[in-house]
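All remarks here apply to the structure that follows.
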Amino acid sequence: MKKLSVYTLLFFATVVSLVPFYWMFINATHQSGEIFSVPPNFLPGDSLVDNYTNLQGNINISGVMMNSLIITVIYTVLSVLFCSMAGYAFAKFRFRGRDQIFFLLLLAIMIPSQVTLIPLFQMMVKLQWLNTYQAVILPTLANPFGIYLMRQNMKAIPDELLEAARVDGCGEWRIFFTMILPVMRPALAALAIFMFMSQWNNFVWPLLVMSDKSMYTLPVALSTLVGFTRIDYGQVMLGTTISTLPIMAFFLLLQRQFISGLLGGSVKG
């Protein structure tokens, strides 16, 4: 009886959490006038193709989608790599000033991102990087939170395991790529999801450095659909749906890593 109550509660909680997504998907197939009809229509409409055609004509949805994918994938891969390398150094190497540098890193987490917008923008202007992918990707690659997360997870790896590898003649690069990273798959998956979502949904910084419409990312392009006099909510809902799908797919791709043990890879032959 207790299990039945728990499963019933979880079922209703799941339904409640999925209703907004279902409402968004359904409205992507309707025109604006149909979205606000009373009573509301919970069945798919026949305006999906029209909404996509209008969306393509207004913001070039396929082009901005490709921009967002290129920027987000490159950023996620490089950021996870750099954060894991820095986390490994802070967790497993002893050098002068290590604790002080890490303390400054923790302080950097507390600095609002808005404070750095003006100096970063001036830097991009001097480098002539406006309207380029690197202007969006490079400034935040070494994410303080990512470094902190990897450092805390890597401290759980036994030092004796690394010392044994060094005695056997393994170099630091080989230890890092063949021993550390396989063991850290759950933490790497969590960090990759965080970085992917933060860059995919990034709005303010791409808005500042991308003035060419052909270089817009998806959040910036979708913001142009909201006008002063008229808003086509069918297009907005379809654009929001398209922007949601990659995040859901990426999460589903990496979700299995969350249930594996932190040191699961160290016991495999």
Side-chain angles (χ1 to χ4, degrees), residues 20-21 24-25 27-32 35 47-80 82 112-143 146 192-251 253:
F21 293 98
M24 178 179 64
F25 295 151
N27 286 336
T29 66
H30 290 288
Q31 297 179 355
S32 291
I35 293 176
S47 300
L48 179 62
V49 176
D50 292 337
N51 286 337
Y52 182 82
T53 302
N54 295 332
L55 196 62
Q56 180 67 23
N58 288 333
I59 64 172
N60 186 20
I61 185 66
S62 59
V64 298
M65 185 80 169
M66 184 58 63
N67 289 339
S68 288
L69 283 174
I70 292 174
I71 291 173
T72 304
V73 170
I74 294 176
Y75 174 83
T76 301
V77 172
L78 293 181
S79 184
V80 169
F82 292 159
S113 60
Q114 293 80 1
V115 176
T116 64
L117 290 179
I118 294 178
L120 279 177
F121 182 79
Q122 292 176 339
M123 187 182 300
M124 297 302 106
V125 172
K126 291 181 179 179
L127 293 173
Q128 298 182 355
W129 280 2
L130 297 182
N131 292 309
T132 61
Y133 290 148
Q134 59 264 31
V136 181
I137 296 173
L138 295 182
T140 57
L141 275 183
N143 187 280
I193 291 174
F194 175 81
M195 294 302 178
F196 188 94
M197 291 182 60
S198 64
Q199 186 60 261
W200 183 262
N201 295 322
N202 194 7
F203 172 73
V204 176
W205 180 242
L207 177 65
L208 291 177
V209 297
M210 298 294 195
S211 59
D212 187 351
K213 290 185 178 181
S214 64
M215 296 298 295
Y216 278 179
T217 58
L218 196 54
V220 177
L222 290 177
S223 68
T224 63
L225 294 175
V226 181
F228 290 104
T229 57
R230 183 179 182 274
I231 302 175
D232 190 329
Y233 287 98
Q235 293 185 47
V236 173
M237 287 297 180
L238 179 58
T240 306
T241 300
I242 293 174
S243 68
T244 304
L245 294 178
I247 296 178
M248 297 176 63
F250 191 71
F251 177 79
L253 180 66

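If you read the sequence from its start, that first residue is 1, and numbering goes on from there. Source: prediction; values computed, not measured.
- The only option from T53, L222, I61, L225 that meets the side-chain contact (heavy atoms from CB on, under 4.5 Å) definition with Q235 turns out to be L225.
- Taking all atoms of both residues into account, the shortest heavy-atom contact from A28 to N51 is O-ND2, 2.9 Å.
- The number of heavy atoms from other shown groups lying within 6.0 Å of CZ (F203) is above 12.
- Here the closest non-hydrogen pair linking A192 and T76 is O-CG2, 3.7 Å.
- For the pair T72 (side chain) and F196 (backbone), a donor-acceptor distance under 3.5 Å is absent.
- Residues N67 and Y133 are in side-chain contact: their nearest non-hydrogen atoms beyond the backbone lie under 4.5 Å apart.
- Nearest approach of L141 to S79, heavy atoms of both residues: O-OG, 3.0 Å.
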Steps toward side-chain contact (heavy atoms from CB on, under 4.5 Å) verdict (W200, I247): CA-CA 8 Å; W200 183 262; I247 296 178; 3.4 Å; yes
Evaluation steps, side-chain contact (heavy atoms from CB on, under 4.5 Å), between V136 and Y75: CA-CA 9 Å; V136 181; Y75 174 83; over 6 Å; no
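- Scanning both residues, F121 and L130, for their nearest heavy atoms gives CE1-CD2, 3.9 Å.
- Atom CE of M197 sits in a sparse spot, with 12 or fewer heavy atoms from other residues, nucleotides or ligands closer than 6.0 Å.
- Nearest heavy atoms, A135 versus W129: CB-O, 3.2 Å.
- When atom types are taken as modelled, the side chain of Q31 and the backbone of G234 share no donor-acceptor pair closer than 3.5 angstrom.
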Hey, mind stepping through M210 and W205 against side-chain contact (heavy atoms from CB on, under 4.5 Å) and telling me if it holds? CA-CA 8 Å; M210 298 294 195; W205 180 242; over 6 Å; no
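- A distance-only check finds no donor-acceptor pair linking the side chain of D212 to the backbone of M215 [under 3.5 Å].
- No donor-acceptor pair under 3.5 Å is formed between the side chain of N27 and the backbone N or O of M237.
- Judged by distance alone, the side chain of N202 and the main-chain N or O of S198 form no donor-acceptor pair under 3.5 Å.
- Of all the heavy atoms in I59 and A221, the pair that sits closest is CG2-O, 3.6 Å.
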Starting from the C-alpha separation in whole Å, work towards a yes-or-no answer on side-chain contact (heavy atoms from CB on, under 4.5 Å) for L117 and L208. CA-CA 9 Å; L117 290 179; L208 291 177; 4.2 Å; yes
